[in-house]
Amino acid sequence: MNITDVEIDYHYNLKYKLGKGGMVQMATARIEKNELILEATLDDLHVITKEAVKNIDMYKDEIAVIFEKMPKFDYKYFCFYAYSTYKLLETALQFDCEEVGHFRLIAPEEFYFAFYGMITALYHEHCEQVKS
């Protein structure tokens, strides 16, 4: 990332976190008309995956529900809050929806499919054995 990128991105008020490869864009959260809006990108999947693997026992139930329900909503229309499957995102992306009681995720379409791919891998690796 060069200084021009930082200046342009700063103008759009994005958060950054220092990672192994340098600066990594983080999801942004804002409250708009009593709704928490979370904007995420594909880059955020790395942080979500790390949190899920680090605390897999805490997220197993969430992962199983997302694995089962998300395809029924064409992936991008899945409501994390309705199924109480938001704690992983909330922790990994450092936001808190307690004040408004829900959130809306805005992300590129690829994010939802990649996210579900990650969930599928975690489910088969860590949750499927529990059901057997």
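Numbers for residues simply follow the sequence, beginning at 1.
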Problem set entry | Pair listing, salt bridge (Lys or Arg N to Asp or Glu O under 4.0 Å) test, anchored in residues 84-94, at least two apart | K87-E90
Exercise. Taking side chain as C-beta onward, heavy atoms only, is K50 less than 4.5 Å from H46?
Worked result: yes
Problem set entry | Distance (rounded to the nearest 0.5 Å) between F113 CZ and T120 OG1 | 12.0 Å
Exercise. What pair of heavy atoms forms the shortest contact from L45 to M118, and how long is it?
Worked result: O-SD, 4.3 Å
Would you mind writing out the side-chain donor-acceptor pairs for residues 69-83 within the sub-3.5 Å range, not counting sequence neighbours?
residue : atom : partner : partner atom : Å
K76     : NZ   : E109    : OE1          : 3.3
Y81     : OH   : G101    : O            : 3.0

Under 3.5 Å, sequence neighbours excluded: what are the donor-acceptor pairs made by side chains of residues 29-36?
residue : atom : partner : partner atom : Å
R30     : NE   : E32     : OE1          : 3.0
R30     : NH1  : E39     : OE2          : 2.2
R30     : NH2  : E32     : OE1          : 3.4
E35     : OE1  : R104    : NE           : 3.3
E35     : OE1  : R104    : NH2          : 3.2

For this session: Looking only at non-hydrogen atoms, find the nearest pair between A52 and L88 and report the distance.
Result: N-CD1, 3.7 Å
Exercise. Heavy-atom count around D96 CG within 6.0 Å, excluding the residue itself: above 12?
Worked result: yes
Problem set entry | Side chains of L89 and F115 in contact at under 4.5 Å (non-hydrogen atoms) | yes
Exercise. Which class fits the ring pair H124 and F67: parallel under 30°, tilted 30 to 60°, perpendicular over 60°?
Worked result: perpendicular
For this session: Would you name the heavy atoms of P108 and A40 that are closest together and state the gap between them?
Result: CD-O, 3.3 Å
For this session: For residues E62 and S84, report the shortest heavy-atom separation together with the two atoms involved.
Result: CG-O, 3.8 Å
Problem set entry | Shared hydrophobic cluster, I106 / F111 (ILVMFWY, side-chain heavy atoms < 4.5 Å) | no
Exercise. Roughly how far, to the nearest 0.5 Å, is CD1 of I37 from OG1 of T28?
Worked result: 10.0 Å
Seminar exercise, completed: dist L105:CG -> L38:CG (nearest 0.5 Å) comes out at 5.0 Å
For this session: Indicate if F95 and L42 have the same hydrophobic cluster label, given that clusters are the connected sets of ILVMFWY residues with side-chain heavy-atom separations under 4.5 angstrom.
Result: yes
For this session: Find the distance between CD (E68) and OG1 (T85) and round it off to the nearest 0.5 Å.
Result: 11.5 Å
Exercise. From I119 CD1 over to I63 CD1, what is the distance, rounded to the nearest 0.5 angstrom?
Worked result: 5.0 Å
